[in-house]
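A short worksheet on the structure shown next.
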Amino acid sequence: MTAVATPGPVTDPGSRPRRSRGARGRPFGRNPLGLLFSAPYIVFVLAVFAYPLIFSVWMSFQDYFFSAPGAQVDRPFVGLANYEQVLSDPAVWRSFGNVGIFLIINVPLTVVLSLVLASALDKAVRGRTFLRVSYYVPYVTASVAVVGVWLFLFNGNGLVNQILGPLAPDPSWLVNSSLAMPTIALFVTWKQLGFYILLYLAALQNVPKELYESASTDGAGRIRSFFSVTVPGVRPATLLVVLLSTITGANLFTEPYLLTGGGGPNGASTSPVLLMYQKGLEQGTPDTAAAIGVILVILVLGIALLQRRLVGGDES
Amino acid sequence: MFIGSLQTEPDPTVAGAFPNPGNLTTQNYADINERINLFQGLLNSGIFTGGVILCTVVFGVLAGYSLAVLQWRGREATFALALLVQVVPFQLLMIPLYVMIARDYGLADTHLGMILPFAINSSAVIIFRQYFIQVPKELFEAARIDGAGELALLWRIALPLVRPAMLTVILLTFIGPWNEFLWPFLITKEASMQPLAVSLANYISNVAATASNPFGATLAGAFVLAVPAVTLFIVFQRYFTSTNLGSGVKG
């Protein structure tokens, strides 16, 4: 990783130096009770994350299908057949492409908007609370509830088209195969913005004020000090925001399902998770759905590593 | 949203964003209540959310405390696990979890099945750990010398000190299950078990097309769903900044 001269460590100010003494001679360490206290959590992680993850990978190599509970059925190992089937399916490619479109719009927009708004909010004196509430309300409101409003705004003769008048796109926003996904990306960006603003606000508290003072002593204006003090100062937070918004994109389900009636015109807004739902539960082929899931995880991990390279930043 | 929910006829013009006394009605609330039982939906959402919050706080405090204060073998590994788990997108587990919980354990259409995958939240564990770390260690040492057991220590000294963390975790946890759609949507097929978000979504995708004023009814349902979360947020909004894990009380 690139070593960045971050002025103030954003993460973990209270972490203590690792203590090795006292572990010897005691099989569970100095306070074995700690293990007991953490046991429910550890069991939970193993049961609800680790086991399903392994189960999912295993399932993707089997000819898996639903059966009555307890019935003994033969589920032969089929090797890569599920993957072959998935990768030769144009609908799958389309859904991954859709997430690509989503990420290209959503991630940069999220980072820029939330950083700029957070630094503005950090400086704003009056109306701070009101502004913060207005950014944050969409985030705390259920997607399902907000979708109702967007459907009202963006449908064929909705408010947005009424304002645009003749400029309105002809097949309207959500039924237009080239506009459906960008509209969803905008929706999600707008909805999640409050959360990321809050993340950046927290990070901004850790940028030392002296740096701004010395920057202005050196004659840097507001814009200059934004780029040379703020942006590098919040780099670990930027990495987190990029990572989280990528994961959000990979998990996209509710918005395309509701906004575009289950995948939109010709699958123009189908997401991989939506496809997993359709294939796994509606069409009863959980094995191919699991294969899509595994491919999605690998892609997300790959993108996350790439982003770390590009954005750099400290371990968070 | 609220105005729209009161309109007899949807008014998609700019003027429609302002109330017009001649066009106001509570009929939409009655309409949506006829199709989906709002009270039952709210009750299910409440049970789901309450169960998740209870488990998250109890087990999160325990794990956070042991990760921050106690020295035991496997502590570092457990913390690394907690960080790692956050990166695993939940939806990727949805097919195996569905098979396990709905098919193998037969928990479809039960509250337990809804709660189980969310019962402990790794971010809550991490938030609690951060707050416990900031409590001066001398406090714990002093109590230990006075002969207090770990549970008494946790209950009498640690918990009162991390009350803001508690509120933060409760509020943040509330948003998740209250607004969660995908998982309850997968495992509840019976309308009487569905949380409000799910029944409203089903209304939007199935019933709305045939209703007389679908937007009004949808917005009425959306309003009922949104009010608890938004109210909690506005009342407690200063605690949302307490998620600022870096600052807070310095030991």
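Numbers restart at 1 for each chain; the letters A, B, ... are given by sequence-line order, proteins then strands.
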Notebook entry, point to check: Taking it one step at a time, do B/Met100 and A/Val48 satisfy side chain to side chain contact (heavy atoms under 4.5 Å, CB included)?
Noted result: CA-CA 10 Å; B/Met100 283 162 60; A/Val48 176; over 6 Å; no

Next item on the list: Could you go through the side chain to side chain contact (heavy atoms under 4.5 Å, CB included) check for B/Met94 and A/Val273 one step at a time?
Entry: CA-CA 9 Å; B/Met94 92 185 176; A/Val273 177; 4.1 Å; yes

Item checked: Stepwise side chain to side chain contact (heavy atoms under 4.5 Å, CB included) test for A/Tyr277 and B/Phe185 -> CA-CA 11 Å; A/Tyr277 163 72; B/Phe185 170 68; 3.4 Å; yes

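With a 4.5 angstrom heavy-atom cutoff, A/Leu53 touches chain B via backbone and side-chain atoms both. B/Leu196 does not touch chain A: none of its heavy atoms, backbone or side chain, sits under 4.5 Å away. When heavy atoms are compared at a cutoff of 4.5 Å, B/Leu225 approaches chain A solely by way of its side chain, counted from C-beta outward. Using a 4.5 Å cut-off between heavy atoms, A/Ala39 makes no contact with chain B at all.
When the side-chain contact (heavy atoms from CB on, under 4.5 Å) test is applied to A/Val43, no partner is found at least two apart in sequence or on another chain.
The distance from atom CZ of A/Phe44 to atom CD1 of B/Ile120, rounded to the nearest 0.5 Å, is 5.5 Å. A/Thr254 OG1 to B/Glu180 CD: the interatomic distance, rounded to the nearest 0.5 Å, is 7.0 Å. Considering CD of A/Glu255 and CZ of B/Phe181, their distance stands at 10.0 Å, rounded to 0.5 Å. Interatomic distance, CD1 of B/Ile95 versus CE of A/Met276, reported as 5.0 Å (0.5 Å rounding). In this structure, B/Cys55 SG and A/Tyr41 OH are separated by 14.5 Å, a value rounded to the nearest 0.5 Å. Note: A/Tyr139 OH to B/Asn179 CG = 9.0 Å, rounded to the nearest 0.5 Å.
When B/Pro96, B/Ala197, B/Pro228 are compared by the number of non-hydrogen pairs under 4.5 Å with chain A, B/Pro96 comes out ahead. Interface remark: of the candidates A/Ile54, A/Leu36, A/Val137, A/Leu199, A/Val137 forms the most heavy-atom pairs closer than 4.5 Å to chain B. Each of A/Val45, A/Thr248, A/Ile292, A/Val294 has some count of heavy-atom pairs under 4.5 Å with chain B, and the biggest count is that of A/Val45. Of the residues considered (B/Ala229, B/Gly74, B/Ser122), B/Ser122 shows the highest number of contacts with chain A, using heavy-atom pairs under 4.5 Å.
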Could you pull out every donor-acceptor pair under 3.5 Å between side chains of residues 56-66 of chain B and any protein atom, sequence neighbours left out?
unit_1  : atom_1 : unit_2   : atom_2 : d
B/Thr56 : OG1    : B/Val52  : O      : 2.6
B/Thr56 : OG1    : B/Ala119 : O      : 3.3
B/Tyr65 : OH     : B/Glu150 : OE1    : 2.9
B/Ser66 : OG     : A/Gly34  : O      : 3.3
B/Ser66 : OG     : A/Ser38  : OG     : 2.4
B/Ser66 : OG     : B/Ala63  : O      : 3.1

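At least one side-chain heavy atom of A/Thr141 sits less than 4.5 Å from a side-chain heavy atom of B/Val230.
The heavy-atom pair separating B/Arg73 from A/Leu35 by the smallest distance is O-CD1, 4.5 Å.
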